[in-house]
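Please find one structure pasted underneath; my questions will follow.
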Amino acid sequence: MKSKKNTPWRRLDNAAKIFPPTSGKRDPKVFRFACELREPVEPEILQTALDVTMELFPGYRSVLRHGFFWYYLEASDLKPQVRKEASPLCSPIYDRNVSTLLFDVTYFDRRISLEVYHALADGTGALQFLRALVCRYLALRHREELGETPPQPDYDASETEQMADSFQKYYDKKKGKKAPLKFAYKLKGPKLPEYRIKVIEGVMPVPEVLKLAHSFQTTVTVLFTSLLLCAIHEGMSRREEKKPVVISVPVNLRNYFASESARNFFALMAISYDFSRQPAELEQVIPEVARAFRENLTLEKLKQHMNSLIAIEKNVAARAVPLLIKDVSMRAAYWFSAQAETAAVSNVGQIKLPEVYAPYIRLFDVFTSTDKLQICMCSYRENMVVSFTDPLSSADIQKYFFRWLASHGVPVELTTNPTEEEERASEKEHPPGDAGRRKGCVFN
């Protein structure tokens with residue numbers, strides 16, 4: 001056994017530092033990637049595939065600890081165990097009082113799921129892990145058809161590259177500027193019991209979505225952000241229009257800076273829309289949102305955002321403050337920053353795997369725990385999945401969003417997690433928690 005003194009450890013990256021003090025039952029800061037296969041999952045083979053994948057991603061065998069001044073990741077001998085999905089979606093993973101790995105791998109029927117605590121990795125980093133896991137599972141499951149050495153995903157970063165803190169690498173103290181805080185419109189209404197989240201997913205064909213976006217001369221991300229703005233505006237009163245609707249959009253900084261990090265390396269872009277002064281028709285909203293994307297997605301703006309956050313971390317006086325006080329300060333800062341957001345849109349983009357695995361995979365999906373409304377989307381081959389998560393009972397925004405798409409020629413197959421009443425009524429059909437999804441209507 002390793003001695004405590006010689007156990008390898010790493011400080012949290014800049015983006016990860018906010019998650020431990022702000023995690024809670026309402027938002028445990030957990031996100032999920034899932035792969036839906038075309039056949040039931042074999043748990044024993046999945047466990048073998050996970051064991052192999054852990055050798056490729058040794059940084060995932062870490063636990064989160066805290067010292068007097070900071071949180072840090074510490075190497076662990078814990079071995080992850082595949083289990084059948086039985087808990088509510090995106091349940092808490094990190095427990096300050098218990099040493100556990102910061103991710104879970106579960107299965108249910110044809111679905112392999114990876115849930116990750118955000119302090120360990122962002123979506124891009126976690127996706128690299130899931131891609132490797134799925135490929136190794138299928139290679140073992142279909143060895144006769146695929147041969148002894150089928151191709152693997154195009155990600156071969158070393159442990160040093162995987163665990164690099166790219167925020168520190170690209171920090172430039174001369175380029176820090178923090179945007180002023182503006183209070184945004186907040187969604188209101190009754191919330192689900194027991195800190196649950198509602199998940200509504202729409203599966204739609206990629207060609208039709210792209211065709212629709214191109215008809216508006218824009219991208220899918222801009223179209224869906226604009227459509228979400230209009231869906232939110234539909235439920236606003238004239239008085240509520242005085243506050244802007246602000247959509248937070250995570251930006252993968254690996255697209256702008258050379259990095260193979262499997263940890264966090266993203267920035268948040270705020271798309272603000274003032275319906276009291278700007279047009280409300282979607283055809284007019286789209287060019288305004290596209291302009292905001294162009295203005296914010298520049299290397300200069302992303303550097304300013306990144307460096308303004310790291311500058312606080314570099315402050316000598318702030319670094320000397322005990323963790324207990326840091327936690328209080330960071331929770332307050334997080335609360336104030338949350339007042340400047342209405343909802344979020346995250347586009348993971350196209351997920352690619354070697355073509356030999358295509359016959360065995362139907363789709364990938366992604367969603368996250370949240371205390372507000374958030375859209376996550378990704379695509380695999382012909383299927384795009386758009387996932388809404390939020391803690392509110394109402395689904396009016398989701399209805400507006402998906403019905404608009406269906407009315408413009410995009411067929412949508414809807415799926416949602418069951419309500420508490422539906423779970424009690426179908427205990428024999430579904431396992432506890434949210435493992436059994438309920439398929440809804442298909443819009444054509």
Side-chain angles (χ1 to χ4, degrees), residues 31-43 45-57 59-60 80 82 85 103-116 121-158 161-162 201 203-207 209-210 220-221 252 254-255 259-263 265 346-368 376-387 413:
F31 61 90
R32 167 187 286 210
F33 274 99
C35 175
E36 182 181 318
L37 305 177
R38 297 189 183 275
E39 60 191 359
V41 175
E42 297 285 348
I45 298 177
L46 182 58
Q47 181 65 59
T48 302
L50 178 57
D51 294 341
V52 175
T53 304
M54 290 300 295
E55 298 300 318
L56 303 171
F57 292 82
Y60 271 61
V82 167
E85 187 174 331
F103 71 97
D104 281 322
V105 174
T106 61
Y107 69 94
F108 176 73
D109 193 18
R110 296 175 298 161
R111 186 170 65 239
I112 298 172
S113 299
L114 170 68
E115 292 193 346
V116 179
D122 61 14
T124 301
L127 183 57
Q128 300 292 10
F129 186 97
L130 181 63
R131 290 168 73 232
L133 175 63
V134 169
C135 287
R136 277 153 184 83
Y137 168 80
L138 292 173
L140 292 168
R141 176 72 174 80
H142 295 280
R143 181 172 294 174
E144 290 186 6
E145 303 100 302
L146 297 174
E148 292 295 326
T149 56
Q152 297 300 318
D154 54 348
Y155 182 70
D156 58 354
S158 67
E161 291 172 322
Q162 288 180 22
E201 294 186 333
V203 181
M204 55 197 76
V206 171
V209 176
L210 291 175
V220 172
T221 307
N252 181 10
R254 298 168 186 83
N255 294 332
S259 171
E260 293 292 335
S261 177
R263 300 172 73 184
F265 193 42
S346 179
N347 188 357
V348 173
Q350 185 181 16
I351 296 174
K352 296 181 179 181
L353 293 177
E355 284 297 305
V356 295
Y357 301 110
Y360 310 105
I361 300 172
R362 179 173 178 250
L363 55 78
F364 283 81
D365 67 351
V366 57
F367 55 82
T368 182
C376 294
M377 67 189 90
C378 66
S379 64
Y380 174 71
R381 293 175 66 82
E382 72 277 6
N383 284 322
M384 173 177 286
V385 181
V386 179
S387 304
E413 175 190 305

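Only this structure's heavy atoms are used, side chains among them; waters, hydrogens and symmetry mates stay out. All of these numbers come straight from a predicted model, not from anything done at the bench.
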If I take atom CG from residue Asp365 and atom CD1 from residue Ile351, how far apart are they, to the nearest 0.5 angstrom? 8.5 Å
Compare all side-chain heavy atoms of Tyr107 with those of Glu42 and state whether any distance is below 4.5 angstrom. no
Hey, what do you get for CG (Leu50) to OH (Tyr60), rounding to the nearest 0.5 Å? 11.5 Å
So which atom in Arg263 and which in Arg254 form the shortest heavy-atom distance, rounded to 0.1 Å? O-NH2, 2.7 Å
Kindly indicate, with the supporting measurements, whether the criterion salt bridge (charged side-chain N to carboxylate O under 4.0 Å, His left out) is fulfilled by Arg131 and Asp154. CA-CA 10 Å; Arg131 290 168 73 232; Asp154 54 348; 2.7 Å; yes
Could you tell me whether a side-chain N or O of Gln162 sits under 3.5 Å from a main-chain N or O of Leu56, the two making a donor and an acceptor? yes
Work out which heavy atom in Val134 is nearest to a heavy atom in Cys35; give both atom names and the distance. CG2-CB, 3.9 Å
Looking at Arg111 and Glu36, does any basic side-chain N land under 4.0 Å from a carboxylate oxygen? no
Indicate the atoms forming the closest heavy-atom contact of Pro40 with Arg110, along with that distance. N-CG, 3.7 Å
Side chains of Pro205 and Glu382: closer than 4.5 Å at any heavy-atom pair? no
At what distance, to the nearest 0.5 angstrom, does OG1 of Thr53 lie from CD of Gln152? 8.5 Å
If the threshold is 4.0 Å, N to carboxylate O, is there a salt bridge linking Arg136 and Glu55? no
Stepwise salt bridge (charged side-chain N to carboxylate O under 4.0 Å, His left out) check, Arg362 with Glu413: CA-CA 14 Å; Arg362 179 173 178 250; Glu413 175 190 305; 3.6 Å; yes
Residue pair Ser379, Gln350: steps toward the side-chain hydrogen bond (donor to acceptor under 3.5 Å, both in side chains) verdict: CA-CA 5 Å; Ser379 64; Gln350 185 181 16; 5.5 Å; no
Side-chain heavy-atom pair Val220, Met377 within 4.5 angstrom cut-off: yes
Are any non-hydrogen side-chain atoms of Leu46 and Leu133 less than 4.5 angstrom apart? yes
Answer whether the closest heavy-atom distance between the side chains of Leu353 and Phe364 falls below 4.5 Å. yes
Applying side-chain contact (heavy atoms from CB on, under 4.5 Å), run through Glu115 and Thr106 and close with a yes or a no. CA-CA 8 Å; Glu115 292 193 346; Thr106 61; 5.8 Å; no
Validation row: Tyr357, Pro150 side chains within 4.5 angstrom (heavy atoms): yes
Taking side chain to side chain contact (heavy atoms under 4.5 Å, CB included) as the criterion, tell me which of Val41, Leu138, Val82 meets it with Ile112. Val41
Nearest 0.5 Å, please: how far is SG in Cys135 from CD1 in Ile361? 6.5 Å
Walk me through it: do Thr221 and Asn347 pass the test side-chain hydrogen bond (donor to acceptor under 3.5 Å, both in side chains)? CA-CA 7 Å; Thr221 307; Asn347 188 357; 2.8 Å; yes
Quick one: which of Phe31, Phe129, Phe33, Phe57 gives a ring-ring contact (aromatic ring centres under 6.0 Å, His included) with Phe103? Phe129
For Asp122 and Phe265, indicate whether the former's side chain and the latter's backbone hold a donor-acceptor pair under 3.5 Å. yes
Determine whether a donor-acceptor pair (N or O, by modelled atom type, separation under 3.5 Å) exists between the side chain of Gln47 and the backbone of Pro80. yes
Under the side-chain contact (heavy atoms from CB on, under 4.5 Å) criterion, do Tyr360 and Arg38 qualify, and how do the steps go? CA-CA 5 Å; Tyr360 310 105; Arg38 297 189 183 275; 5.8 Å; no
Would you indicate whether the side-chain heavy atoms of Leu363 and Val203 approach each other to under 4.5 Å? yes
